[in-house]
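Data block below; observations after.
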Amino acid sequence: MAKQYWLLKSEPDAFSIDDLIKAKQQTSFWDGVRNYQARNYLKAMKVGDLAFFYHSSCPIPAIVGIIEVVQEPIPDPSAFDPKSPYYDPKSTPATPRWFMPKVKYKKKFSSPITLESLKNNPRLSPASFALLKRGNRLSVMPVTSQEWQAILAMID
DNA sequence: GCCAACGTTGGC
DNA sequence: GCCAACGTTGGC
C-alpha cells in the first residue's frame, strides 16, 4: 500500500503544533476523536503516512505543518475514563469503539497556509477537498497526492 | 425506523 | 457571539 496523506484538525488552545514540538520525542497519541467517519479514517492510517496539522477554531485557521504516523491506532483509553471529557461509556476495553494513532512532529511551516489561501487556490476544489466544503466538521480527512502537492507548492 | 429537537463544530 | 451545517438522541 502506497503512502497516504491526511489532514488532522486540532484547536490550538487544546493541542497545537507547538505542543507537539514540546512533547516527549515530539510524538503524541492523537486521541479524543469521537466521530465515526473520522474514526474510520484514523483506522486506515499506516506507519509512514503523512498528515497536515491544521489549526481550527482560532483567529487564523490554517495548515501549520506536517506530522507523520509512527504507530497504527490502538484503543483510546480516554474513552474509558469517566473523568475525561472524551469519556464514552459505550466504549469498553473489551470492545473499544475509539482509536488513536501515534504521530510525530515532522515540520512546521515558517508561515502557515491559511484557510483563506487554500480557498483561493484554483488547484483545490471544495468538491474534492473536504476541508473546503461549507459546514465541514470532519476532524480527520484524506488528502489526495495531487492536493498534497498543490498545498506544498503554496509554501514560498 | 422516522424525524424533530438538541448539541457541537467551526468560520466569520 | 452568531449562525449554518450536520451528527446524535430519544420519543413514538
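A, B, ... follow the sequence lines: proteins, then strands. Residue 1 opens every chain. Side chains included, hydrogens not; waters and symmetry mates left out as well; all remaining heavy atoms used.
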Practice problem: Please report, rounded to the nearest Å, how far the C1' atom of B:dG10 is from the CD atom of A:Glu116. | Solution: 16 Å
Quiz item: Between C:dA5, C:dG7, B:dG11, which one does the side chain of A:Leu115 approach most closely?
Solution: B:dG11
Quiz item: Would you call the rings of A:Tyr41 and A:Trp6 parallel, tilted or perpendicular, where under 30° means parallel and over 60° means perpendicular?
Solution: tilted
Quiz item: Which whole-number value in Å describes the distance from A:Tyr86 OH to B:dT8 P?
Solution: 13 Å
Exercise. Starting at atom CH2 of A:Trp98, determine the distance to atom P of C:dT8, rounded to an integer number of angstrom.
Key: 7 Å
Self-check item: Atom-to-atom span, CG of A:Asn35 to C1' of C:dT8 - whole angstrom
Solution: 11 Å
Quiz item: Looking across every strand, which nucleic acid part, if any, lies under 4.0 Å from A:Lys119 by heavy atom: base, sugar-phosphate, or nothing?
Solution: sugar-phosphate
Self-check item: Interatomic distance, A:Leu132 CG vs C:dA5 P [rounded to whole Å]
Solution: 16 Å
Exercise. Take atom CG of A:Asn136 and atom P of C:dC3, then tell me their distance rounded to the nearest Å.
Key: 21 Å
Quiz item: Under 4.0 Å: is that the gap between some side-chain N or O of A:Tyr54 and OP1 or OP2 of B:dG11?
Solution: yes
Quiz prompt | Reported CG-to-CG distance for the pair A:Asp19 and A:Asp13, which is rounded to 0.5 angstrom | solution = 10.0 Å
Quiz item: Roughly, in whole Å, what's the span from OH in A:Tyr36 to C1' in C:dT9?
Solution: 12 Å
Quiz item: Does A:Arg137 make a side-chain N or O approach to OP1 or OP2 of C:dA5 shorter than 4.0 Å?
Solution: no
Quiz prompt | Close aromatic pair by centroid cut-off 6.0 Å: A:Trp98 and A:Tyr36 | solution = yes
Exercise. Return yes if some donor-acceptor pair links the side-chain N/O of A:Lys119 with the main-chain N/O of A:Leu132 below 3.5 Å, else return no.
Key: no
Quiz item: Between B:dG10, C:dA4, C:dT9, which nucleotide gets closest to the side-chain atoms of A:Glu11?
Solution: B:dG10
Exercise. Round to the nearest Å and state the distance from A:His55 atom NE2 to B:dG11 atom P.
Key: 12 Å
